[in-house]
S.K.: 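Dropping a structure here in structure tokens format, bear with me for questions.
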Amino acid sequence: MPQLPAPDYPAEVRARLEADAREVIARYPDSRSALLPLLHLVQSEEGHVTRTGVRFCAEMLDLTTAEVTAVATFYTMYRRKPSGDYQVGVCTNTLCAVMGGDAIFEELQRHLEVGNGETTEDGKVTLEHIECNAACDFAPVVMVNWEFFDNQTVESAKRLVDDLRAGRTVEPTRGAPLCTYKETARILAGFPDPRPGAVEAGGSAGPASLVGLRLAKGEGAPGRVVSPRSAGAPPEEPPATHPSSHDAPQRTSASDPHHPSGPVTEEGE
């Protein structure tokens with residue numbers, strides 16, 4: 001059993017975190033609404049939510065540690081054990097899976113010699129499968145510390161994690177430049193991103209996702225959507241049409257006298 005109560009932060013760390021926590025709490029009319037950003041704050045200190053972090057949040061918000069733990073264990077964005085500098089998430093939801101996400105996740109486990117939710121020995125990469133990233137236009141998608149890497153393949157994903165482990169510069173397909181998981185957690189706690197150009201960086205959804213928005217604005221239907229990997233491919237033949245039974249009723253064994261469903265007998269025979 002763990003020692004109770006949990007140990008506190010060192011005095012200088014506690015003082016620094018208290019100053020940050022008060023700034024966060026002041027943003028909300030009800031202090032307990034600050035729990036989610038405070039959990040990000042303590043995660044930015046140690047890379048995961050420790051028992052000490054839970055105690056700190058509870059004391060700052062006048063909650064019980066049980067109440068804080070209930071929230072910290074509900075959301076997958078909070079880590080309960082040490083994690084790597086880079087959280088690599090492979091989408092294995094339906095579309096990404098059939099487009100190659102399952103193969104990417106399986107190969108990265110073998111390549112990194114880790115299982116789901118595990119971290120490489122050098123502490124650089126934590127691998128996990130994740131659900132939909134709302135980026136289906138660019139499937140299969142890999143995320144690193146919540147930044148997008150679109151249209152991945154097995155080989156490109158392996159190069160990605162190798163570059164992360166080697167300390168080479170890696171640029172997301174969309175969004176801000178990468179930073180470490182601890183730095184990401186502090187940004188999610190609501191503190192400014194000090195990196196030059198990070199705030200201005202961005203990226204939109206793909207063409208297919210924006211079709212409804214364009215139509216709602218009265219714009220014409222867009223042209224054929226082509227993924228980056230098939231941009232030079234010849235146009236596909238339109239699929240053969242198959243009218244519904246309401247538009248073109250088809251003969252059945254019951255309606256076609258030449259193809260009866262079976263011998264017709266009187267009741268009781």
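What you are looking at is a predicted structure, and each value in this text was computed from that prediction instead of being measured. In this chain, numbering begins with 1 at the start of the sequence shown.
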S.K.: Same cluster for V54 and F56 if Ile/Leu/Val/Met/Phe/Trp/Tyr side chains link at under 4.5 Å?
M.R.: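 Yes, it is one cluster - the side chains of V54 and F56 are joined through contacts under 4.5 Å.
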S.K.: Hey, are the side chains of Q87 and V144 touching, using non-hydrogen atoms and a 4.5 Å cut-off?
M.R.: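 Q87 does not reach V144 side chain to side chain.
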S.K.: So if I apply the side-chain contact (heavy atoms from CB on, under 4.5 Å) rule between V88 and each of I130, V125, V114, which one comes out positive?
M.R.: V125
S.K.: Can you name the one residue among D85, T120, T119, N116 that meets side chain to side chain donor-acceptor pair (under 3.5 Å) with T126?
M.R.: T119
S.K.: To the nearest 0.5 Å, what is the distance between CG (D163) and NZ (K158)?
M.R.: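 Here the interatomic distance stands at 13.0 Å.
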S.K.: Where is the tightest heavy-atom contact between P172 and P177, given as atom of each residue plus distance?
M.R.: CD-CA, 4.2 Å
S.K.: Could you walk me through whether Y75 and L36 pass side chain to side chain contact (heavy atoms under 4.5 Å, CB included), step by step?
M.R.: CA-CA 10 Å; Y75 293 103; L36 295 183; 3.7 Å; yes
S.K.: Indicate the atoms forming the closest heavy-atom contact of N151 with A139, along with that distance.
M.R.: OD1-O, 3.8 Å
S.K.: Rounded to the nearest 0.5 Å, what's the gap from CD on E128 to CD on E118? Could you check?
M.R.: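 E128 atom CD to E118 atom CD measures 12.0 Å (nearest 0.5 Å).
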S.K.: Find out whether D193 and C179 are in side-chain contact, i.e. whether some heavy atom of one side chain is under 4.5 Å from a heavy atom of the other.
M.R.: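 No, too far: nothing below the 4.5 Å cut-off.
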S.K.: Any donor and acceptor pair, going by atom type alone, linking the side chain of T69 with main-chain N or O of T65 inside 3.5 Å?
M.R.: yes
S.K.: Please examine the side chains of D162 and H111, heavy atoms only from C-beta on, and report whether any two atoms are closer than 4.5 Å.
M.R.: yes
S.K.: Quick one: pull up OG1 in T73 and CZ in R80 and give me the separation to the nearest 0.5 Å.
M.R.: 6.5 Å
S.K.: Shortest non-hydrogen contact from L61 to S31?
M.R.: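 Closest approach of L61 to S31: CD2-O, 3.2 Å.
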S.K.: Ignoring hydrogens and geometry, is there a side-chain-to-backbone donor-acceptor pair from D122 to K124 under 3.5 Å?
M.R.: yes
S.K.: Between R110 and E107, does any NZ, NE, NH1 or NH2 come within less than 4.0 Å of an OD or OE carboxylate oxygen?
M.R.: yes
S.K.: Any chain of hydrophobic side-chain contacts (each under 4.5 Å) joining L95 to F105?
M.R.: no
S.K.: If I compare all heavy atoms of E131 with all of N93, which pair ends up nearest, and what's the gap?
M.R.: OE1-ND2, 3.4 Å
S.K.: Is the shortest heavy-atom distance from the side chain of F149 to the side chain of M143 under 4.5 Å?
M.R.: no
S.K.: How far apart are the C-alpha atoms of R32 and L63, what are their side-chain angles, what is the distance that settles it, and do they pass the side chain to side chain contact (heavy atoms under 4.5 Å, CB included) test?
M.R.: CA-CA 8 Å; R32 67 182 299 150; L63 299 172; 3.9 Å; yes
S.K.: Show the nearest heavy-atom pair for residues V141 and F138, with the distance to one decimal.
M.R.: CG2-O, 3.4 Å
S.K.: With rounding to the nearest 0.5 Å, note down the distance linking CD in E46 to NZ in K182.
M.R.: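 With rounding to 0.5 Å, CD (E46) is 8.0 Å from NZ (K182).
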S.K.: Which atom names give the shortest non-hydrogen contact between H48 and R79, and what distance separates them?
M.R.: CB-O, 3.3 Å
S.K.: Check whether any side-chain heavy atom of Y9 lies under 4.5 Å from a side-chain heavy atom of R16, and answer yes or no.
M.R.: no
S.K.: Take L188 and M77, measure what side chain to side chain contact (heavy atoms under 4.5 Å, CB included) needs, and give me the verdict at the end.
M.R.: CA-CA 10 Å; L188 291 175; M77 58 190 175; 5.9 Å; no
S.K.: Take atom CG of D62 as the centre, draw a 6.0 Å sphere, and report whether it contains more than 12 heavy atoms from other residues, nucleotides or ligands.
M.R.: no
S.K.: So if you build clusters from Ile, Leu, Val, Met, Phe, Trp, Tyr with side-chain heavy-atom gaps below 4.5 Å, do I104 and M99 land together?
M.R.: no
S.K.: So do V170 and Y86 actually touch side chain to side chain, heavy atoms under 4.5 Å?
M.R.: no
S.K.: Are there over 12 heavy-atom neighbours, none belonging to E18, within less than 6.0 Å of that residue's CD?
M.R.: yes
S.K.: So if you build clusters from Ile, Leu, Val, Met, Phe, Trp, Tyr with side-chain heavy-atom gaps below 4.5 Å, do L41 and I187 land together?
M.R.: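 No, L41 does not connect to I187 through the hydrophobic network.
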S.K.: Any idea how H40 and Y78 line up, ring-wise: parallel (<30°), tilted (30 to 60°), or perpendicular (>60°)?
M.R.: tilted
S.K.: Does the pair E155/R159 count as a salt bridge with the N-to-O cut at 4.0 Å?
M.R.: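 Not counted as a salt bridge, because no side-chain N and carboxylate O are separated by less than 4.0 Å.
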S.K.: Taking H129's backbone N and O only, do any of them form a donor-acceptor pair with T92's side chain (distance below 3.5 Å, no angle check)?
M.R.: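 Pair absent, no side-chain N/O of T92 close to backbone of H129.
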S.K.: Tell me whether the count of non-hydrogen atoms from other residues, nucleotides or ligands lying under 6.0 Å of CZ in R165 goes above 12.
M.R.: yes
S.K.: Should M60 and V42 be regarded as members of a common hydrophobic cluster, given that ILVMFWY residues are connected when their side-chain heavy atoms come within less than 4.5 Å of each other, either directly or indirectly?
M.R.: yes
S.K.: Any donor and acceptor pair, going by atom type alone, linking the side chain of T52 with main-chain N or O of P7 inside 3.5 Å?
M.R.: yes
S.K.: Kindly compute the distance separating CG (L127) from CG (L108), expressed to the nearest 0.5 Å.
M.R.: 5.5 Å
S.K.: Taking the side chain as every heavy atom from C-beta outward, state whether V68 and L38 have any pair of such atoms under 4.5 Å apart.
M.R.: no
S.K.: How many angstroms lie between OG1 in T50 and CD in Q43, if you round to the nearest 0.5 Å?
M.R.: 10.0 Å
S.K.: If you define the side chain from C-beta out and look only at heavy atoms, does anything of P37 sit under 4.5 Å from Y28?
M.R.: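 Counting from C-beta outward, P37 and Y28 do come under 4.5 Å.
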